[in-house]
Amino acid sequence: MARSSLASGTGKRARSAERPSSGQGRPAAARPDGTRPGHTPPPDWRPRVDPGPLLPDREPYRLLGTPAVADLDPQLLRELYGQLVRGRRYNRQATALTQQGRLAVYPSTTGQEACEVAAALALRPQDWLFPSYRDTLAVVARGVDPAEALTLLRGDWHSGYDPRATKVAPLSTPLATQLPHAVGLAHAARLRGDDTVALALVGDGGTSEGDFHEALNFAAVWKAPVVFLVQNNGFAISVPLDKQTAAPSLAHKAVGYGMPGRLVDGNDAPAVHQVLCEAVEHARAGGGPTLVEALTYRVDAHTNADDATRYRDDAEVEPWRAHDPVALLERELRERGLIDDAGIRAVEAAAEEMAARLREEMNAEPVLDPMELFDHVYAEKTSQLREQAAQLRAELDAEEE
Amino acid sequence: MARSSLASGTGKRARSAERPSSGQGRPAAARPDGTRPGHTPPPDWRPRVDPGPLLPDREPYRLLGTPAVADLDPQLLRELYGQLVRGRRYNRQATALTQQGRLAVYPSTTGQEACEVAAALALRPQDWLFPSYRDTLAVVARGVDPAEALTLLRGDWHSGYDPRATKVAPLSTPLATQLPHAVGLAHAARLRGDDTVALALVGDGGTSEGDFHEALNFAAVWKAPVVFLVQNNGFAISVPLDKQTAAPSLAHKAVGYGMPGRLVDGNDAPAVHQVLCEAVEHARAGGGPTLVEALTYRVDAHTNADDATRYRDDAEVEPWRAHDPVALLERELRERGLIDDAGIRAVEAAAEEMAARLREEMNAEPVLDPMELFDHVYAEKTSQLREQAAQLRAELDAEEE
Amino acid sequence: MGTATAPAPAPATRKPATMAQALRQAMRDALAEDRDVHVMGEDVGTLGGVFRVTDGLAAEFGPERVTDTPLAEAGILGTAVGMAMYGLRPVVEMQFDAFAYPAMEQLISHVSRMRNRTRGALPMPITIRVPYGGGIGGVEHHSDSSEAYYLHTPGLHVVTPATVADAYGLLRAAIASDDPVVFLEPKRLYWGKADWSADAPETVPPLGRAVVRRAGTSATLITYGPSVPVCLEAAEAARQEGWDLEVVDLRSLMPFDDETVCASVRRTGRAIVVHESAGFCGTGAEIAARVSERCFHHLEAPVLRVAGFDIPYPPPMLERHHLPGVDRVLDAVARLQWEGN
Amino acid sequence: MGTATAPAPAPATRKPATMAQALRQAMRDALAEDRDVHVMGEDVGTLGGVFRVTDGLAAEFGPERVTDTPLAEAGILGTAVGMAMYGLRPVVEMQFDAFAYPAMEQLISHVSRMRNRTRGALPMPITIRVPYGGGIGGVEHHSDSSEAYYLHTPGLHVVTPATVADAYGLLRAAIASDDPVVFLEPKRLYWGKADWSADAPETVPPLGRAVVRRAGTSATLITYGPSVPVCLEAAEAARQEGWDLEVVDLRSLMPFDDETVCASVRRTGRAIVVHESAGFCGTGAEIAARVSERCFHHLEAPVLRVAGFDIPYPPPMLERHHLPGVDRVLDAVARLQWEGN
Ligand SMILES: Cc1ncc(C[n+]2csc(CCOP(=O)(O)OP(=O)(O)O)c2C)c(N)n1
Ligand SMILES: Cc1ncc(C[n+]2csc(CCOP(=O)(O)OP(=O)(O)O)c2C)c(N)n1
Ligand SMILES: [Mg+2]
Ligand SMILES: [Mg+2]
């Protein structure tokens, strides 16, 4: 049990590159590299893939404000902008609905609209989106009805839209648990010969969960056509990133799975969109999964029920307001003359219309049938559930009398 | 939902390094780097640590057969050798005991003795070892009684030694679940101001489990004094490494946690020992955790109950037999004149003696008290357990009549 | 049970306190008295927990004693196991009932078995606080009652308070216990107030003692946690129908207080178990089975169960149809085969 | 139950087959008939599983249909969920009972709830095969009986065969089910042989039907899986004492066949539930509770339970003291308050 004298005890680490190579007299003749015959390396070893290309971008990838933005399709930029404005308005409206008691709770993505919108727009019709609980906006941007997307948070049922019809998985409340689902679905599609890609969203906090790890590993081993987008918005409720990870960046986790990692400015909508499109098409082409980390910020509190002043200063939020995804794209569009005041007013009017329709729909009292509680537990009710349904039926009838 | 025209669709990835930088005429004056004022990077971003130093060795680190071995303490080399021979003998003896029905099962570490022994010898008395189910040999090399270490596998109780007295955690059957324990213990020691380090062992298969991920992440965030040694022996039962991971190496996983990764020839006992000692002392000095991947090979079947011919050829095993940890070190010692035939015979005789004692102890029928089943479930028996114990007592009494 | 009772009460004036405050006080006192006590979990530090139960503790005891962990429940419980191996007494918070599931492997395979595995060498003095149950309008995964999983896992204690005073006393006892205790906190009772004094908390019996909350003669309602107030209300309402119901608050589900429960049922001759979680293989199954066996010749009617339906916890707008309420309890009382029925 | 019965039997000669062989045949037939069926798990491919239950399937159907996964149970079940979302029918193997615990989160939060969550849009036709139970001399974590956890989780079916023919039929029905089925395979019956024909497997009733394995009049033994042979043996032994015991093999624990069970108990007036897993909050609790309620006026004695003790599963050299054996069953029968007792 004694500690040997071999340990340097200094904590310094001898890297292979730094290996002492000045050999003194050796019993057997040394090879040019200093090793002696009969002393072989482990037989099976070779680097399995070159880690170099897997390493993420040195700095967050950006397009807005760079020369490269000139190459982008103006139509796309306008579409992104329209969705951003609509998304911002959606977040505001949904938060207002919580104050009016029309929604139980709403986790806002104000400040994160670029990620939400770009994720939805990066997909083709046959692709699937796997949102986390915060990503109602991505679900809506993908085309799900704005009110149906809020069913979970209003509380009349769990998932309000049809995942098969919309190709949007249910909003996943248990963090990171939706990631293996995305991998499994993408894998299944590939086995069937379909060219479907799955895009899964997760937060910075969610990367700490075991399911994150298992999902990324399965995806890489199976070369599943799946893209993981981590929205690093700086917080998991109150817990800042530096209590969550010590990694150089979350995108660096990709290397350990053997997939490429990308780092992108999450408030630069065209940049997020481009990086995601590249990853999605790479997956579609059989290249396997990608991990994308988008750097963004949760400008609102965790939810309307949260008090963010308990864990952060407004001073921390300010610079992010200055780096606002909507404003950034608007400036670019204006500078390039791709939009004018009238164009902006039109976009805002469309967003207002969406908000008005949403308000109206959410103000209608949902019609609920308590008996539905028993309808979907199994394909067919068990005799146990038939008995329990009869009990509730009787209670409801008695109430009505 | 439509796919935008922005995506290149080629699957090619624009790296930040490859970003188009040739700017045409731009609406606003560009900065030297091509970006324009008002277009800022995400405010909070900086690379959290430099990933460079975290990247593992380019090739498995080796000492045997290299000039560097001349700097090692001959006494240590002999100690390692003695333990390797003893370990090899222990593996053989334990496997024989399964054939004689004295052990329920034995997962052998033949071929992996260098890792097992080096792990035990890298620790100081105040340190803790967290073995996986396969690591009986490391437990014994740490000083636990060779027969007590086999209690689990003989089946008279679960853990046969006192973990507090020996500073060896119970052999952990559920894979990777012991890793968070090691982190917690190391963290607790640090909080108490003790200079204890925990060394946790896990297999290549075990790295796929969520607990592996969560443990490494906690360790890095907490800067816990813990070292993770992955024995990559090529297989998880029948599943080869390439169905387990697509990573460049398992050591590359370190980068994603922000801890250094090391890659070492797992059959080179002095190299494993040195790398582990450095990592252990680095942790002790407050430097935080290290992930070490040792490349080795499971020469025997998974356990005595396994039939390895179902999933691998003998041709695959052969080169590893040639890269045998005992033979490698023996050659080095002989070449350096650090051991002669007599010395080897002495080492072998000591190993034989250990084996003979083990045989004897394992041949004795253990004395078991069925009533002990109720003794350690809680600090004090619940009334429920008192009733159940009384029932068993009555049954046993009736049997005796 | 290796538990401590709370410190002896000193005379003090009581004032209204919530269960959340009493729980916080219990942790505060435990942290102050024993430097081995550590509080850890998601958001328990700076934020003070999503229910504010740990509010102020990090400020008072520092981030090493009250720690915001990474977001990984298995990691939280798994590292707590290691801390306990070293002699600490971790108090772990699972943010919500359903978010404790990722930690099931650590709970079942290690927390509950480590003492037994090592013949007592490695006890696991870990308290696992789990806000549980429904009735708060929570969205999916925020209203589960998972006590039956824990109860079916030998080696765990399972405790749940229904009053402000018990919240303090039972949590002190749980933290003081040398065995792992799953401490279930009824979310919808967090903000209920009662007159209570932090300076003179009542002493409580060791874990494993039920209490008769209301004496009665017609039948016994056996219940715990969030269903205790429901049963007390039902008992009041039942007086109008001529039933005088006894209400037993189990407080500790494991160890289970057979003595108090069976004494009550033998006295009344009738029993109903009331709880929120799904009935099938739930706590009520165990209680009905053991009461039926132990009190067989005293029973005038079968032991009935009023439990949640065997369905996933419903969306908030439908939860009232799922939760056992006063009416459902009274319906069950009416089915207890009274003379002339 | 949305289940299919096995294909109609064609005349064929029966020969001895093991339960492992019948299970393999069931998967083979399902794989051959339905290209959406996929078998996945640790070592199920090349090796054919540690119990060889999937032996030869990878060779026959290829590694995309019969897949060796990475070593991560939550990942296995979680990816199976995604595969089921796309319309496949994954048959997942958990290598041993206790190694299914890391997948509990996926099981409880998703597998069991996805259909309900999505109003039927995303059914989960997943079969989760779990070798379970003790009596094989397994070291720690290799002998658990975890059915009660599954039974307490609404949305899951739980099935366990006790005979070679049922192994085939129930597994076919499980794979054909549009709902998730936890399929518990009694390890110690894997190698038991019975005359059976792969060409003419018996048809089996849909999931949810118990069967009377032995008719009797004195009392009913209610049991399943590995305890069925124990009960049959006990029933034989009991004849010498003058008791004629009926043995009900539940086969399907959820749905639970109240009809068959209660009909039997009403006939015999006495009942004992026998199973290996810990008694507290175990399957026996549910059965005793519901039988006591439903057959109250027919019961001559309380429903008794013969179950594993409430302790972690013992080391192999002590397991026989834990497992409910013939003697313990007979002791319980003797306690059934016979005339003159
Ligand atoms: C498994 C699980 N544990 C805990 C929670 C409770 N919870 C809800 S949101 C949240 C923080 C999530 O942070 P992050 O992943 O960064 O996503 P963000 O909220 O920032 O979008 C927590 C802890 C949960 N939903 N699921
Ligand atoms: C959580 C868990 N799942 C499955 C098993 C069953 N099992 C025992 S050993 C083994 C393979 C382990 O492979 P690896 O981690 O490489 O370690 P090695 O056996 O090579 O030492 C498996 C799957 C287990 N013990 N624990
Ligand atoms: Mg976040
Ligand atoms: Mg291995």
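Each chain gets a letter, A, B and so on, in the order its sequence line appears, and its residues count up from 1.
Side chains of A:P43 and B:Y297 form no contact here, defined as non-hydrogen atoms less than 4.5 Å apart. The shortest side-chain heavy-atom distance between A:K253 and B:Y257 falls under the 4.5 Å cut-off.
In this structure, A:E214 and B:S208 approach most closely via the heavy-atom pair CG-O, 3.5 Å. Closest approach of B:D242 to A:V221, counting heavy atoms only: O-CG1, 4.1 Å. A:A220 and B:A246 get closest at one heavy-atom pair: O-CB, 3.9 Å.
In terms of heavy-atom pairs under 4.5 Å with chain A, the best-connected choice from B:V255, B:L276, B:L263, B:V280 is B:V255. No other option in A:G258, A:G287, A:G266 has as many heavy-atom pairs under 4.5 Å with chain B as A:G258. For chain A, the option among B:T296, B:N217, B:N267 with the highest count of heavy-atom pairs below 4.5 Å is B:N217.
B:R78 pairs by the salt bridge (charged side-chain N to carboxylate O under 4.0 Å, His left out) definition with nothing, not counting sequence neighbours. Contacts of A:D127 classified as salt bridge (charged side-chain N to carboxylate O under 4.0 Å, His left out), with partners at least two apart in sequence or in another chain: A:R284.
Looking at B:F218, there are no atoms closer than 4.5 Å to chain A (heavy atoms on both sides), in backbone or side chain.
B:H213 places a side-chain N or O within donor-acceptor distance of the main-chain N or O of A:T207, the cut-off being under 3.5 Å.
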